[in-house]
Amino acid sequence: MIAFVSESTQLVFNSKFWCMEVLISIQVCRNINKIKVCMETGNTVVLLNLENLYESLYDALNQYYVYFGGERYVDLGLGTHRVKCPVHKNFR
């Protein structure tokens with residue numbers, strides 16, 4: 001199946017071939033950063049085979065936003081570390 005997406009859509013996926021724990025951690029960090037950038041810029045993200053990211057994206061996926069100064073923010077986490085990230089109004 002071929003999917004057509006716009007320039008503002010980011011496809012983030014996980015490869016089943018990653019087998020070493022260190023490489024998995026690096027890939028998780030990279031994927032969270034890609035999603036964070038899309039959240040800030042208002043681009044659309046399509047998540048595919050990213051079970052290892054869902055915990056980190058819990059608040060974003062459930063739209064638990066915090067509003068401050070007219071802007072909305074969401075917590076992104078990696079392990080015990082959490083950071084508030086701005087969420088653009090067009091982010092999907």
*Walk me through it: do F91 and T44 pass the test side chain to side chain contact (heavy atoms under 4.5 Å, CB included)?*
CA-CA 6 Å; F91 173 70; T44 300; over 6 Å; no

*Within one Ile-Leu-Val-Met-Phe-Trp-Tyr cluster: V28 and Y54, side-chain cutoff 4.5 Å*: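 Linked within one cluster.
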
Please tabulate, one pair per line, all N/O donor-acceptor pairs under 3.5 Å involving side-chain atoms of residues 56-70, not counting sequence neighbours.
unit_1	atom_1	unit_2	atom_2	d
S56	OG	G77	O	2.7
D59	OD2	R82	NH2	3.4
N62	ND2	Y58	O	2.9

_E40: which residues meet the side-chain contact (heavy atoms from CB on, under 4.5 Å) condition with it, sequence neighbours left out?_
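By the side-chain contact (heavy atoms from CB on, under 4.5 Å) rule, E40 matches K36, P86.
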
*asked:* With rounding to the nearest 0.5 angstrom, report the CG to CD1 distance, L76 to I32.
replied: 7.0 Å

*How far does CG of N90 sit from OG1 of T41, to the nearest 0.5 angstrom?*
9.5 Å

*Indicate yes or no: at least one non-hydrogen side-chain atom of M39 is less than 4.5 angstrom from one of V74.*
yes

*Hey, does L47 have a side-chain heavy atom less than 4.5 Å from the side chain of I35?*
yes

*Could you name each residue pair satisfying side-chain hydrogen bond (donor to acceptor under 3.5 Å, both in side chains) that touches residues 70-80, not counting sequence neighbours?*
D75-K84

